[in-house]
Amino acid sequence: MGRDPQLLVLRLYYSTLDYPVKYFVVVVPERALSPPHGAIWYEVQHLKEYADNIVIVTCERSPSVAEGWNAVFQAFPHEAWGVYCARDTAWMPGSLERLAGHMWNASRDNSIEVALMNWTYSMTDGLYNAFGFTKSALGRFGLFDENIYPAYFEDGDFKLRQSRMQPPMRVQVLHDVILQHGKRSEQRYSSGVQLPNDPNNEQQERHMRSFVDQRWHINAAYLRRKWGCPGDNFMGCQYQTPFNKSLPVWYWYTSKEQRALDLGLNARGGKMYDGGGVAVYEIPPGDNYIGWAGYKESAHVCRITGDAGVVTRNESGLWCV
């Protein structure tokens, strides 16, 4: 989370007070806690002063949705289950208690691996604005693909990976667990990424909307390359493994070079170049680079393996557990 002048995080926090939450975790960039102080700084100070279950995870820069998810789930590897909520959501009375009942049972009998919530209105395009995850499910699934940046389509990749795992992940909608998305008066889903952060700075808002729209198209193209999806139809994706390679379903790898590929790709002389003319990948002889997007099968990959709780930084720059 980079900005929040509407103080939505405080609304979310106060909607949890009817049930004892062990940790309320907020992920923010370091600059949000440094002068000049903005809305997030005041929210964090308020929570630190008036709540005793607050955990603040800071990132060197504004985290993407996938990076935020990964940071939280890695910070608490011993917890039996956890739940993610978008900042513009709020729990309806009694829902957290009912969710806890479902998730504690699931952590014992593995009947649910991913829990989705019910909403006060139809959320066909936004079901993953909140989801529960068990520890065993996270260990099987791995971490979320951070190439999807900063937002949009991380839930699409989530669903495609779920269905390709063996056995497929057990996903269940909890109809008695209800959340509100957006304002109480809203009856139609609109992504919180598009919320105006500073209505008094229209130029900045136009820039942000343009950036978000660009990322929508870039992330969609990345997902189509990764899973072999024809056109805009994510229901007909053909690959069962990432990029149709001999790789586990949970595989992903990112780097500065990978992010540079967003500028555009072209191949010549056995190498792949980004939009700035920089060679970012040497194409192996006989390899079909189309859809491969510059990945190296030998690269270190970040996922949860072995004994949880040991956090290290590997050469790829990713945090691993």
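Since the structure is predicted, the reported quantities are computational estimates derived from the model, not experimental observations. Positions are given from 1, in the same order as the sequence printed here.
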Task: Ionic contact status for E79 with K135, cut-off 4.0 Å - done: no

TODO: Mind running side chain to side chain contact (heavy atoms under 4.5 Å, CB included) on C237 and L160 for me, showing each step along the way?
DONE: CA-CA 8 Å; C237 301; L160 287 165; 4.0 Å; yes

Task: Distance in Å, N110 CG paired with N105 CG, rounded so as to fall on 0.5 Å steps - done: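 Rounded to the nearest 0.5 Å, the CG-CG separation comes to 12.0 Å.
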
TODO: Find the distance between SG (C85) and CG (N129) and round it off to the nearest 0.5 Å.
DONE: 9.5 Å

Open item on the list: V55 vs V26, test: side chain to side chain contact (heavy atoms under 4.5 Å, CB included). Steps then yes/no.
Closed with: CA-CA 6 Å; V55 176; V26 182; over 6 Å; no

Open item on the list: Restricting to non-hydrogen atoms, name the atom on A130 and the atom on L116 that form the minimum distance, rounded to 0.1 Å.
Closed with: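 Scanning both residues completely, I find the closest heavy atoms to be O-CD2, 4.2 Å.
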
Taking [Y]'s backbone N and O only, do any of them form a donor-acceptor pair with [X]'s side chain (distance below 3.5 Å, no angle check)?
| X | Y | value |
| --- | --- | --- |
| R87 | L8 | no |
| Y121 | H181 | yes |
| E113 | T134 | no |
| E146 | A66 | no |
| N70 | L143 | no |
| S15 | A90 | no |
| E67 | S64 | yes |
| R225 | F243 | no |
| N118 | L174 | no |
| N53 | K22 | no |

TODO: Mark yes when over 12 heavy atoms from residues, nucleotides or ligands other than E97 sit less than 6.0 Å from its CD; otherwise mark no.
DONE: no

Task: Residues T120 and Q180: side-chain donor-acceptor under 3.5 angstrom - done: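 Judged by distance alone, the side chains do pair up.
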
Task: Exercise: do Y152 and N219 side chains pair donor with acceptor under 3.5 Å - done: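 No, because no side-chain N or O of Y152 sits under 3.5 Å from a partner of the opposite role on N219.
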
Would you indicate whether the side-chain heavy atoms of [Y] and [X] approach each other to under 4.5 Å?
| X | Y | value |
| --- | --- | --- |
| F158 | E154 | no |
| L99 | V83 | yes |
| V21 | Y13 | no |
| F133 | F141 | yes |
| V65 | F153 | no |

TODO: Would you sort out whether T89 and W119 count as a side chain to side chain contact (heavy atoms under 4.5 Å, CB included), showing the intermediate values?
DONE: CA-CA 10 Å; T89 61; W119 299 86; 3.9 Å; yes

TODO: Could you tell me how the ring of Y50 sits relative to the ring of H46: parallel (under 30°), tilted (30 to 60°) or perpendicular (over 60°)?
DONE: tilted

TODO: Could I get the full list of side-chain contact (heavy atoms from CB on, under 4.5 Å) partners for D157, not counting sequence neighbours?
DONE: D145, I148, R161, L223, K226, W227

Task: V27 and W69: CA distance, side-chain angles, deciding distance, side chain to side chain contact (heavy atoms under 4.5 Å, CB included) verdict - done: CA-CA 9 Å; V27 182; W69 290 355; over 6 Å; no

